[in-house]
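Right, one structure below, let's go through it.
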Amino acid sequence: MRAFTFEKALMQEHFNESYVESDLYPRASFKGKVINFNPNSAAIQTCIIKGDFVLKEVKKELEFKAQIAKKGNGNYYTITGDLQLNRDDYNIKVPPILRPNIAKNIEVSFNFQYEPYED
């Protein structure tokens with residue numbers, strides 16, 4: 001969780017210490033499937049990704065769009081997109097005085113480089 005970056009260092013500190021409690025919950029996870037993906041296509045594909053996201057021991061099913069681009073002439077891909085998470089869904093507590101300053105829906109952007117695993 002500490003790998004998330006923010007525009008301001010203080011935002012990052014509050015995120016880790018107060019909101020997602022990175023010391024108690026050092027990881028979040030997502031396990032899912034890409035729907036309607038054609039691995040033989042060289043074009044950039046917009047696909048739906050569906051699966052379970054776990055944050056602070058709370059599991060929620062998510063569905064979101066991502067762009068998948070094949071790289072090089074192998075099975076390497078770049079997967080980019082964004083999704084919205086509701087802080088209340090994951091037991092992220094915000095003091096009443098700070099609620100107007102903290103978004104209820106948090107936008108998460110991602111950019112993954114996928115390379116097949118080989119033994």
Side-chain angles (χ1 to χ4, degrees):
M1 294 303 301
R2 293 192 177 276
F4 280 98
T5 58
F6 293 80
E7 292 178 21
K8 298 176 183 174
L10 189 57
M11 291 169 68
Q12 191 163 334
E13 181 181 334
H14 288 169
F15 171 81
N16 283 300
E17 291 179 7
S18 302
Y19 303 126
V20 296
E21 303 171 272
S22 296
D23 290 338
L24 295 173
Y25 309 101
R27 296 189 177 160
S29 66
F30 178 80
K31 184 175 183 175
K33 293 185 179 200
V34 179
I35 310 299
N36 296 327
F37 173 66
N38 179 356
N40 298 318
S41 175
I44 296 174
Q45 300 175 63
T46 299
C47 298
I48 299 293
I49 298 179
K50 203 172 179 179
D52 293 323
F53 179 70
V54 179
L55 175 65
K56 291 180 70 173
E57 297 180 349
V58 176
K59 182 194 286 188
K60 294 282 181 185
E61 186 175 316
L62 296 181
E63 183 175 310
F64 52 91
K65 289 182 182 178
Q67 290 68 47
I68 303 175
K70 193 170 195 172
K71 297 295 180 185
N73 43 352
N75 290 326
Y76 303 94
Y77 298 92
T78 299
I79 306 168
T80 58
D82 53 57
L83 60 116
Q84 297 276 329
L85 300 176
N86 183 308
R87 71 173 190 236
D88 294 338
D89 289 346
Y90 298 95
N91 298 324
I92 297 173
K93 306 291 185 228
V94 178
I97 197 163
L98 296 176
R99 282 191 190 130
N101 300 323
I102 306 295
K104 185 171 184 154
N105 292 307
I106 301 149
E107 185 175 327
V108 178
S109 299
F110 56 89
N111 183 348
F112 297 112
Q113 307 299 314
Y114 171 77
E115 180 178 333
Y117 176 77
E118 296 180 24
D119 283 333

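The figures that follow rest on heavy atoms only: side chains count, while hydrogens, waters and symmetry mates do not.
Counting only residues at least two apart or on different chains, the salt bridge (Lys or Arg N to Asp or Glu O under 4.0 Å) pairs with a member in residues 83-105 are Asp88-Lys104.
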Pair Gln84-Glu107, side chain to side chain contact (heavy atoms under 4.5 Å, CB included): steps then yes or no = CA-CA 5 Å; Gln84 297 276 329; Glu107 185 175 327; 3.7 Å; yes
task = Would you please test Ile79 and Ile49 for side chain to side chain contact (heavy atoms under 4.5 Å, CB included) and show each step?
result = CA-CA 11 Å; Ile79 306 168; Ile49 298 179; 4.3 Å; yes
query = After noting the C-alpha distance and the side-chain angles of Val108 and Leu85, does the key distance pass the side chain to side chain contact (heavy atoms under 4.5 Å, CB included) rule?
reply = CA-CA 7 Å; Val108 178; Leu85 300 176; 3.8 Å; yes
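The CD1 atom of Ile106 sits 7.5 Å away from atom CG of Asn86, with the distance rounded to the nearest 0.5 Å. Taken from CD in Glu17 to NE2 in His14, the straight-line distance is 7.5 Å, to the nearest 0.5 Å. Atom-to-atom distance recorded for Thr78:OG1 and Ile44:CD1 is 9.0 Å, nearest 0.5 angstrom. Taking OG of Ser22 as the start and CD of Gln12 as the end, the distance is 9.5 Å to the nearest 0.5 Å.
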Donor-acceptor list for residues 52-70 side chains, cut-off 3.5 Å, not counting sequence neighbours:
residue : atom : partner : partner atom : Å
Lys56   : NZ   : Tyr19   : O            : 3.2
Lys56   : NZ   : Glu21   : OE1          : 2.7
Lys56   : NZ   : Asn91   : O            : 2.9
Lys70   : NZ   : Pro39   : O            : 3.1

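Tyr77 and Ile35 fall into different hydrophobic clusters, where Ile, Leu, Val, Met, Phe, Trp and Tyr residues are linked whenever their side-chain heavy atoms come under 4.5 Å apart, directly or through other members. Note on Phe15 and Leu10: separate hydrophobic clusters, where clusters join Ile, Leu, Val, Met, Phe, Trp and Tyr whose side-chain heavy atoms are under 4.5 Å apart, directly or indirectly.
Proximity of the aromatic rings of Phe112 and Tyr114 is defined here by a centroid distance below 6.0 angstrom, and this criterion is not met.
Counting non-hydrogen atoms of other residues, nucleotides and ligands closer than 6.0 Å to CD1 of Ile97 gives a total of 12 or fewer.
Between Val20 and Arg2 the shortest side-chain heavy-atom distance does not fall below 4.5 Å. Looking only at side-chain heavy atoms (C-beta outward), Phe30 and Phe110 stay at 4.5 Å or farther from each other.
Using a 3.5 Å distance cut-off with no hydrogens or angles, the side chains of Ser109 and Asp82 do not pair a donor with an acceptor.
Applying the side chain to side chain donor-acceptor pair (under 3.5 Å) test to Asn111 and every residue at least two apart in sequence or in another chain returns Gln113.
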